[in-house]
Amino acid sequence: MSKQILIIDFVTPKRKNMLLAAKSIGLSIALAAKTLSSEIAEYVDRFIEVDVEDTDALLRVLEQEHREKKFDGVISFWDRYVEPCALIAARLGLPGNTPETAAKTRSKFLTRLALAEKNVPQPRFRVVKTLSDLMEAAEHVKYPFIFKPVGACSSKGIFKVEYGQNLADVFDKMLKVSSNPDDKMFQFYAGEFLAEEYMRGHEFSVEGVASFGVIHIAGVTEKWITPDNFTETQHLFPARLGEAQRTAIVDVAIQALTAIDYRQGAFHVELMNTAEGPKIVEINGRLGGDFITTHLVPLGLGIDISANSFLAALGEEVDLEKNFDKHAAVKFFIAETEGVLSEWAGEDAASAAPGVKELFIERKEGAPVTLPPKRYGEFRLAAVIAQGEDADETLDKVAYAISLLKPVIV
């Protein structure tokens, strides 16, 4: 295959498996970004230096580049570029979802409206822009409830509100967190928030790729989150589910994708399996993060979902048939105290532990460690990925390996 895929930004080299997937199917890679990291430069055939956060400038530059040498598809792996990708695809005549569909994956409020119109199972909700809105929403969704920004991601700015809490304090706390100038994800749909029914149950996500309106499912991921700030701490693929449970979860995910007319590209649909059945948490118009699609899906079932996401972006047929039956898990080392990470120990032992396929140190020695809601992303210190023959064995392997890590925070 001698086609060129345009990638919008590539923030972290730890996802270079995605670039390797593109190369494995013979693609030429064009990267539009502010800078080109030396860690991925060897995989990039065409670098386009542009301010990717300025959508108007991005469109102008890419239109000119497309005239000089055309792109065959466009993709990004980051929430912030889902909508720009749809605009680029529409402007350049490339395969992709409509800008309207992309907006329904990025705005959690637009997602809720679309699902409500089609009666897709989801929590009660209300949009919130003022303290008065929040007080009215609390009456509708009932306590306890979730209060979160409409356009953020990665569990940022999510609060559980209990009966008796001062809603004025809650609202002020949200305004403070979401106005952080260092985190640009809060700038999307700024000033808009959601109050949602607190769903009790276990969280899962459905991984797959849409091609020409056909939804292809790779599998279901089982997820673990912290009870206070909803940070994801562990994932297992495929999930420990009976056939009936799996079918119910996948069915609701497909209903949700159909409701927003999701027709092209990778998706990561998060659901809560409640006593009333699966309900949608959110729809992401991209591959799942946290090593789910770069590592767990290939290690668990032998499916190269990254390669298939590129194929969908090019308008090619996809194939998500499994090649074997194993399990894969990732577990994160979560810091419980703040300070500076002065020293790491146990890395070699963790890497050599049974079943471990990869160890990622996410915070280096000398890096600050800060807990949410002050900062997000600084308290997950490392990740261990392991493979096993069955689910429980695999979970035991990552738990053992993570226990060998001994970071010192001072």
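Please read all numbers here as calculations on a predicted model, not as lab measurements.
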Test Glu53 against Arg80 for salt bridge (Lys or Arg N to Asp or Glu O under 4.0 Å), laying out the working first.
CA-CA 8 Å; Glu53 294 173 6; Arg80 71 180 68 176; 3.5 Å; yes

Does the side chain to side chain contact (heavy atoms under 4.5 Å, CB included) test come out yes or no for Phe71 and Ile88, once each step is laid out?
CA-CA 11 Å; Phe71 309 111; Ile88 292 163; over 6 Å; no

Check the pair Leu381, Ile361 against side chain to side chain contact (heavy atoms under 4.5 Å, CB included), reporting the backbone distance first and the verdict last.
CA-CA 6 Å; Leu381 307 184; Ile361 299 298; over 6 Å; no

For the pair Gln245 and Asn273, evaluate side chain to side chain contact (heavy atoms under 4.5 Å, CB included) and give the outcome as yes or no after the intermediate values.
CA-CA 9 Å; Gln245 286 182 308; Asn273 198 24; 3.8 Å; yes

What do the steps show when you test Glu343 against Lys406 for salt bridge (Lys or Arg N to Asp or Glu O under 4.0 Å), and what is the final call?
CA-CA 8 Å; Glu343 182 183 352; Lys406 306 295 180 183; over 6 Å; no

So Glu203 and Ile225, side chain to side chain contact (heavy atoms under 4.5 Å, CB included) or not? Walk me through it.
CA-CA 8 Å; Glu203 189 169 338; Ile225 59 176; 3.7 Å; yes

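Looking only at side-chain heavy atoms (C-beta outward), Arg91 and Glu63 come within less than 4.5 Å of each other. Residues Phe237 and Leu301 meet the side-chain proximity criterion, which asks for heavy atoms closer than 4.5 Å. With a 4.5 Å cut-off on side-chain heavy atoms, Phe159 and Gln165 do not count as touching. No side-chain heavy atom of Glu336 sits less than 4.5 Å from a side-chain heavy atom of Ile409. Contact of the Thr293 side chain with the Met18 side chain is registered, since non-hydrogen atoms from C-beta on lie closer than 4.5 Å. Residues Ile146 and Val161 have side chains not in contact (no heavy-atom distance under 4.5 Å, counting atoms from C-beta outward). The shortest side-chain heavy-atom distance between Val209 and Ile217 does not fall under the 4.5 Å cut-off. For the pair Gln4 and Ile29, the minimum side-chain heavy-atom distance is 4.5 Å or more.
Looking only at distances, a side-chain donor or acceptor of Tyr262 sits under 3.5 Å from a matching main-chain atom of Ala266. Remark: the backbone N or O of Asp319 is paired with a side-chain donor or acceptor of Asn308 at under 3.5 angstrom. Side-chain atoms of Thr274 never come within 3.5 Å of backbone atoms of Pro278 as a donor-acceptor pair (strictly under, hydrogens ignored). Proximity of a side-chain donor or acceptor of Ser342 to a complementary backbone N or O of Val408 within less than 3.5 Å is detected. The closest donor-acceptor contact from the side chain of Lys397 to the backbone of Gln387 lies under 3.5 Å. A donor-acceptor pair under 3.5 Å is formed between the side chain of Ser178 and the backbone N or O of Met174. The closest donor-acceptor contact from the side chain of Ser76 to the backbone of Ile8 lies under 3.5 Å. Between the side chain of Asn97 and the main chain of Arg263, a donor-acceptor pair closer than 3.5 Å is present. Without hydrogens or angle criteria, Lys108 side chain to Thr105 main chain gives no donor-acceptor distance under 3.5 Å. Remark: side-chain polar atoms of Asp133 are paired, donor with acceptor, to backbone N or O of Thr130 under 3.5 angstrom.
Of the inter-residue distances, the one linking Phe291 atom CZ with Asn17 atom CG reads 9.5 Å to the nearest 0.5 angstrom. Atom CD of residue Glu100 and atom CG of residue Asp261 lie 9.5 Å apart, to the nearest 0.5 angstrom. A distance of 10.5 Å separates CD of Glu282 from CG of Leu271, quoted to the nearest 0.5 Å. Rounded to the nearest 0.5 Å, atoms NZ (Lys148) and NZ (Lys160) are 14.5 Å apart. From Tyr81, atom OH reaches atom CD of Glu83 across 13.0 Å, with rounding to the nearest 0.5 Å. Interatomic distance, CG of Asp56 versus CG of Asp51, reported as 11.0 Å (0.5 Å rounding).
Among all heavy-atom pairs drawn from Ala328 and Leu296, the shortest one is CB-O, 3.6 Å. Scanning all heavy atoms of the two residues, the minimum distance from Phe193 to Pro149 falls at CD2-CA, 3.7 Å. When all heavy atoms are compared, the tightest approach of Leu36 to Leu31 is CD1-CD2, 3.8 Å. Residues Ser351 and Leu359 approach most closely at OG-CD2, 3.3 Å, considering heavy atoms. Leu287 approaches His268 most closely through the heavy-atom pair C-CB, 4.2 Å. Contact between Lys331 and Ala399 at its shortest, heavy atoms only, is CD-CA, 3.9 Å.
A perpendicular orientation is assigned to the rings of Phe332 and His235, their planes being inclined by more than 60° (bins at 30° and 60°). Between Phe147 and Phe145, the two ring planes are perpendicular [angle over 60°; tilted spans 30° to 60°].
Of the N and O atoms on the side chains of Glu389 and His327, not one donor lies less than 3.5 Å from an acceptor on the other residue. For the 3.5 Å distance criterion, the side chains of Glu338 and Thr370 fail to qualify, holding no donor opposite an acceptor. Side-chain polar atoms of Ser205 and Glu207 form a donor-acceptor pair below 3.5 angstrom. Counted by atom type alone, Asp251 and Gln255 present one or more donor-acceptor pairs between their side chains at under 3.5 Å. Ser309 and Ser306 are not linked by any side-chain donor-acceptor pair at a separation below 3.5 angstrom, with hydrogens and angles left out of the test.
Atom CG of Asp348 has 12 or fewer neighbouring heavy atoms from other residues, nucleotides or ligands inside a 6.0 Å radius. Atom CD of Gln64 has more than 12 heavy atoms from other residues, nucleotides or ligands within 6.0 Å.
Sorted by first and then second residue, the ring pair (Phe, Tyr, Trp, His ring centres under 6.0 Å) pairs with a member in residues 194-221 read His202-Phe204, His202-Trp224; sequence neighbours excluded.
By the 4.0 Å N-to-carboxylate-O rule, Glu316 lies close enough to Lys3 to be salt-bridged with it.
Checking Arg112, Arg124, Gln122 one by one against Glu196, the side chain to side chain donor-acceptor pair (under 3.5 Å) holds for a single residue, Arg112. With respect to Pro84, the side chain to side chain contact (heavy atoms under 4.5 Å, CB included) criterion is satisfied by exactly one of Val74, Leu59, Thr55: Thr55.
Looking at residues two or more places apart in sequence or on another chain, you find a side chain to side chain donor-acceptor pair (under 3.5 Å) between Arg240 and Glu222, Asp392.
Annotation: cation-pi geometry not satisfied between Arg286 and Phe77 (NZ/CZ under 6.0 angstrom from ring centroid, within 45° of ring axis).
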